[in-house]
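Structure record follows, encoded as structure tokens.
Order of the sequence lines sets the chain letters (A, B, ...), proteins ahead of strands, with each chain counted from 1.
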Amino acid sequence: MPELPDVACFKSYLDATSLHRKVTGVERLNAALLRDVSPAAFRKALTGHRFESSLRHGKYLFVRLDGGKHLVMHFGMTGFLKSSKHGSETPDPTQAEFLLDDGYHLAYVCQRKLGHLTVVGEPQELIERHELGPDALDNALDAAAMAERLSQSRAAVKSALMNQKLLAGIGNIYSDEILFQTRLHPSTPASDLDKATLRKLHRNMRKVLNKAIERDAKPNQLPRTYLLPHRHEDGECPRCGHPLETLKVSGRTAWLCPRCQS
DNA sequence: CCTATAGCCTGACGGC
DNA sequence: TGCCGTCAGGCTATAG
């Protein structure tokens, strides 16, 4: 599930439910999801500290704790957050429960356990460790900067868009939407794109991500003129009516209109 | 150096 | 009904 728009919504949810509360404990912690930190150190970094603010970079969510450290959450394919009154049921695949001092807790739920949790001093440490590129919605990433980064890649433009080292935040489904709107075939080598096309790609990337956030990161609630509501078996192109097709691009399934995206 | 591929983990679904 | 293969909006280590 979680690409940039999803994580942006998780951030809003966390801000609304859990910010400014103090963590009184961590329960149901699955140590297998911790990266570069022991369970003891993870608990110690959180317990007794307040969630001060949150910040998103690509598909990562950071929560600043008083004292200056940051909780880091990545959601893999199936992760999400769920706030509940303490003592009430939390979803079965909960991998960590942050108990808060207002009687609620924030559950980190991750069915397939492909996400991970850690603690860092500053977000920049994590960004450097994973060599993440700039956030796809960073205002500093203008069309020229994006062109500069994408042109480094000779891979298919879809792979380049999904490469977190070039840009952070885009995954399999939003790359399909961005390419559909730009009328670009996913297999086009990124280094082949001319300046005008790169400019359109940048504009559509921002448009698609912002619209998805506005629609709560629910692809089916995007306008009917978008690809994603039709991205399923027997789906048809909302522009020309041609049946949508799939192909594999670096191991992922790309959906496209073969007539509009040539 | 680069890009493409298998593996990680679990549940849902279709075909036999 | 039960079993098996395939697939799913992720990342990363490894192979070529």
[X] [atom1] - [N] [atom2] separation (whole Å):
| X | N | atom1 | atom2 | value |
| --- | --- | --- | --- | --- |
| A:Glu233 | B:dC13 | CD | P | 15 Å |
| A:Leu247 | C:dC7 | CG | P | 14 Å |
| A:Met162 | C:dC11 | CE | C1' | 12 Å |
| A:Asn30 | B:dC9 | CG | P | 11 Å |
| A:Lys165 | B:dT3 | NZ | P | 11 Å |
| A:Leu117 | C:dC11 | CG | P | 15 Å |
| A:Phe80 | B:dG11 | CZ | C1' | 14 Å |
| A:Leu166 | B:dC1 | CG | P | 15 Å |

- request: Please check if atom OH in A:Tyr104 has more than 12 non-hydrogen atoms from other residues, nucleotides or ligands closer than 6.0 Å.
  value: no
How close do [X] and [Y] get, counting heavy atoms only, and between which atoms?
| X | Y | result |
| --- | --- | --- |
| A:Cys260 | A:Arg183 | O-CB, 3.5 Å |
| A:Leu81 | A:Tyr108 | CD2-CA, 4.1 Å |
| A:Arg28 | A:Asp92 | NH2-O, 3.3 Å |

query: Can you tell me the Watson-Crick or wobble partner of B:dA12, both distances under 3.5 angstrom?
result: C:dT6
By nearest atom, which of the nucleotides [options] is closest to the [X] side chain?
| X | options | result |
| --- | --- | --- |
| A:Leu114 | B:dT3, C:dT12, B:dC8 | B:dC8 |
| A:Lys113 | B:dA4, B:dC9, C:dC11 | B:dC9 |
| A:Arg35 | B:dC9, C:dT12, B:dT3 | C:dT12 |
| A:Arg112 | B:dC2, B:dC9, B:dA4 | B:dC9 |
| A:Ala155 | C:dA8, C:dT12, B:dA4 | B:dA4 |
| A:Met77 | C:dA8, B:dC2, B:dA4 | C:dA8 |
| A:His74 | C:dC11, B:dA4, B:dC9 | C:dC11 |
| A:Gln111 | B:dA4, B:dG11, B:dC9 | B:dG11 |

field: Span that lies between the P atom of B:dG7 and that of C:dG5, in whole angstrom
entry: 15 Å
message: Between B:dC9 and C:dT14, how many Å separate the two P atoms, rounded to a whole number?
response: 15 Å
Under-4.0 Å side-chain N/O to phosphate OP1/OP2 contact, A:Thr78 with C:dA8: no
task: May I ask you to evaluate whether A:Ser250 reaches the phosphate of B:dT5, defined as a side-chain N or O under 4.0 Å from OP1 or OP2?
output: no
- request: Could you list by number each residue of residues 122-134 of chain A showing a heavy-atom separation from DNA chain C of less than 4.0 Å, or answer none if no residue does?
  value: A:His130
DNA chain C contacts among residues 202-213 of chain A, heavy-atom distance under 4.0 Å: none
task: Would you indicate what A:Lys218 reaches in the nucleic acid, counting non-hydrogen atoms under 4.0 angstrom: base, sugar-phosphate, or nothing?
output: nothing
query: Which part of the nucleic acid does A:Ser153 contact within heavy-atom distance under 4.0 Å: base, sugar-phosphate only, or nothing?
result: sugar-phosphate
task: Go through the steps to decide whether A:Asp15 and A:Ser54 satisfy the test side-chain hydrogen bond (donor to acceptor under 3.5 Å, both in side chains), and finish with yes or no.
output: CA-CA 7 Å; A:Asp15 288 353; A:Ser54 70; 2.6 Å; yes
message: Name the residue from A:His130, A:His57, A:His116 that meets the ring-ring contact (aromatic ring centres under 6.0 Å, His included) definition with A:His74.
response: A:His116
message: On the six-membered ring of A:Phe98, is A:Arg21 placed so that its NZ or CZ lies under 6.0 angstrom from the centre and within 45° of the ring axis?
response: no
query: Is there side-chain contact between A:Val63 and A:Met73, with heavy atoms separated by less than 4.5 Å?
result: yes
query: Do A:Asn172 and A:Lys158 touch side chain to side chain, with heavy atoms closer than 4.5 Å?
result: yes
query: In Å and rounded to the nearest 0.5 Å, what is the CD to OG1 distance from A:Glu27 to A:Thr94?
result: 11.5 Å
task: Measure from the side-chain N and O atoms of A:Gln95 to the backbone N and O of A:Val109, and report whether any donor-acceptor pair falls under 3.5 Å.
output: no
